[in-house]
Structure formats: structure tokens, C-alpha cells
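Proteins get letters first, then strands, A, B, ... in listed order; numbering begins at 1 in each. All of these numbers come straight from a predicted model, not from anything done at the bench.
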Amino acid sequence: MGLDAGMNHDPDAELVARVGRGDRAAAQALMARHLPKMLSLARRMLPGRSEAEDCVQEAFLRLWTHAARWRPGAAKFETWLYRVTLNQCYDRLRRKPTLGLDAAAEIADSEPGPQAALENAALAAEVEAALAELPERQRAAVLLCHYQERGNIEAAEILGVSVEALESLLARGRRTLRTKLAHLKER
Amino acid sequence: MTEENANGPLQADAQSDAEFVGRVLSSLPSVAVPSALEASILAGFDRAAAAGLYRSWLARRSQGMRDAVWPGAPMWKPAVVFALSLIVGLVAGAVVPSSDVLPAAGAVQSQSLAYDTTPALDLAKDL
């Protein structure tokens, strides 16, 4: 499916229009559709859970206040929403230094079985720490393409870069991650 | 094997990196959405919707007033006229009450009015 076709059929357009008219049910539907992925992106981009929650909350507040002025066609709504979320993440990252491993360790809180939970928590903490050390745009590119499974065109649009620039960010990010996490290969 | 040869070792490395990163990131636990966060986001919607309704009510009211004062004019026209009138009024208020208009300090001002006599009014002179 081409980019234009994607823009012409925006699955969120109707919901956004209803949100602009003050429809609470539409707001709930839009939130249910995007909140989990937005939160997981923010959670992997930022060092702390509360930071990620604040970031997503701020992005939704932008959505509520801008929905009435939203005009479909210029860009896909989802692209705009994820760009707002990432910009919120960048703002927070520039305001505060990253916390690294300590904050990364807090993520594994809902894994079943004590032994498996410990192993998974350790693995997740290592991956989180390696991700946290990537430059923010490389991290965003890797997360969008590998964690959120978005296509290169969509990820490039969200990041506001060309597809070639995205591929370059991805290649460097992947290489760095692989170097840092090479010892996980045997697990 | 033949594909790797065709694409070259660099591309094979890139493919291998991508697979590794995909595998590693899939080990991350999913992030649960706290219900408090959902409630907080919806509370934000309620506030924004209420503010939006108030803004649209205010916009309708100002539109009505504007049309009553100056139908079809943009908002800045009556606003400028009102501001100019206010400035003229303030300047006049500051300049006009001079000493010759106001009674002298200490002077007693009195006026008598008799209701049982006809007023001495010369229409030719007083109008």
C-alpha cells in the first residue's frame, strides 16, 4: 500500500472528528487504540515509569486540545500522535540525565514464576540499559521498527526524517546494541 | 548462501544485526497500562471539553455582541472604536475639570427653587 493510499484512508479520522466535538466515547476509543503502544514506546525511551506516564498524558492532552482543529489529509493522525509522543520524550530526556541501569531494573514487575521472573528481569534490565545508552534518535528508530514493528516509511515519517536517514539510524543502532549485548547470544 | 553472496557481506551483517535486535527486544516484558493513568487521561479530556464548550459559548456571545454593534465587521473594528472612545473619555476627564469650572475652594454653593412662581424663561434668549 502506497503512502498516499495510507493517508487517504486514515482509520482514526472519524474518531478524531468526534473527539473534536467533545464526544467522550470517541476519546475513550482513541485512547484504547493508542495508549498501550504509546506508553510502551515512552517507557522504553525514558528512564522512569512516571516520566513515561507523564509524557503520554501530555501527548493526549495535546490531542484533546487540537482535535477540533485536526484536518485529515495532511498527515496520518497516528503519525502525528507518535511524533508528539516522541517529542515529549526528547524534551524530558534533555531536561533530565538518564538514570541507566537502576531505573531499567524497575520494569520487570509482572513476570510469572520466581526463577523465570528473575532471569527475565535480568535480561530485560540488560537490554533496557543497552537501549538507554543509544543516542535518542537511534533508540527511537530501533524501537519503532523492531519493538513496535512499524515499516520504514511510517517510522521515518514519525521521526521526521527521510527513509535513507532512518536506515542509517537503524543500522548504527542495531550494530551498537549487538556489540553491547553480544554475550546474550548464547542464552 | 547465494543470496548472501549476491548482497555482499555488509548486507548479511545488517540482516543478522536486525534479527538479533528483533530477538533481543522481543524479550522485553510488555508494559501494562495502569487504570489510574487511563482515568487521568480521560479527566484531561473532560477538562479540555469543558474549556472548549466555554470557548465556543464565549465565541458565540462575542459574535452576537459584535453583530449588534457593527454587523459584519471583524472583531478588531468595534474593539478599536471602543478603545479610542475610552482614550478620548479619559483624556477629556483629565483635562476638562479645570479650576474655572470647579467652584473655588471654600465657596458655598446654593440654589433656591420656588415652586409657586412661573420660571423666568425667555424662549428667544435661552433656547
Side-chain angles (χ1 to χ4, degrees), chain A residues 19-24 27-28 30-32 35-44 49 52-53 56-61 63-65 67-68 107-111 117 120-121 123-124 126-128 130-131 142-143 145-147 149 167 170-171 173-175 177-179 181-182 184-185 187, chain B residues 1-67 74-76:
Chain A
V19 167
R21 295 194 292 270
D23 185 337
R24 198 174 198 269
Q28 251 171 324
L30 211 52
M31 187 180 75
L35 176 59
K37 281 197 163 189
M38 283 167 69
L39 184 62
S40 61
L41 177 65
R43 186 62 196 84
R44 303 303 174 209
R49 183 186 301 163
E53 289 179 6
V56 168
Q57 209 170 333
E58 189 64 37
F60 270 103
L61 200 57
L63 162 57
W64 306 146
T65 51
I107 55 157
D109 51 2
S110 58
E111 292 297 317
N120 287 341
L123 175 64
E126 279 191 75
V127 175
E128 281 281 311
L131 268 174
V142 166
L143 286 172
C145 293
H146 288 287
Y147 186 59
E149 292 166 355
E167 282 169 356
L170 272 177
R174 287 167 183 155
R175 172 56 46 169
L177 274 181
R178 192 172 191 181
T179 307
L181 300 172
L184 297 181
K185 250 181 158 180
R187 288 192 186 185
Chain B
M1 182 67 185
T2 51
E3 192 183 334
E4 276 190 16
N5 286 338
N7 293 337
L10 279 177
Q11 203 145 2
D13 277 355
Q15 182 66 28
S16 167
D17 286 353
E19 282 167 10
F20 174 78
V21 169
R23 206 168 51 244
V24 158
L25 290 188
S26 69
S27 71
L28 289 174
S30 59
V31 177
V33 178
S35 53
L37 177 64
E38 287 181 335
S40 175
I41 289 171
L42 279 177
F45 170 79
D46 292 338
R47 280 195 302 276
L53 286 176
Y54 176 70
R55 270 199 301 276
S56 63
W57 175 82
L58 210 61
R60 280 198 305 274
R61 295 287 296 177
S62 69
Q63 174 80 36
M65 284 170 67
R66 196 174 61 208
D67 286 346
M75 192 64 191
W76 65 267

(request) Heavy atoms only, distances under 4.5 angstrom: which of B/A18, B/S26, B/A14 has the most pairs with chain A? Name it, please. (result)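 Of the options given, most contacts go to B/A18.
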(message) With rounding to the nearest 0.5 angstrom, report the CE to CG distance, A/M31 to A/L63.
(response) 11.0 Å
(request) Can you measure from CG (A/L35) to CZ (A/F60) and round to the nearest 0.5 angstrom? (result)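 Nearest 0.5 Å value for the CG-CZ distance: 5.0 Å.
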(request) State which residues pass salt bridge (Lys or Arg N to Asp or Glu O under 4.0 Å) with B/R47; sequence neighbours excluded, sorted by chain then number. (result)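 Testing B/R47 for salt bridge (Lys or Arg N to Asp or Glu O under 4.0 Å), a comparison that skips the adjacent residues, returns none.
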(message) Less than 4.5 Å to any heavy atom of chain B: does that hold for the side chain of A/L61, its backbone, both, or neither?
(response) side chain
(message) Taking side chain as everything from C-beta outward and backbone as N, CA, C, O, which of these in A/E149 sits under 4.5 Å from a heavy atom of chain B? Side chain, backbone, both or neither.
(response) neither
(message) Can you tell me which portion of B/L37 sits under 4.5 Å from chain A's heavy atoms? Options are side chain, backbone, both or neither.
(response) side chain
(request) Step by step, work out the side-chain contact (heavy atoms from CB on, under 4.5 Å) result for A/E126 and B/V24. (result) CA-CA 10 Å; A/E126 279 191 75; B/V24 158; over 6 Å; no
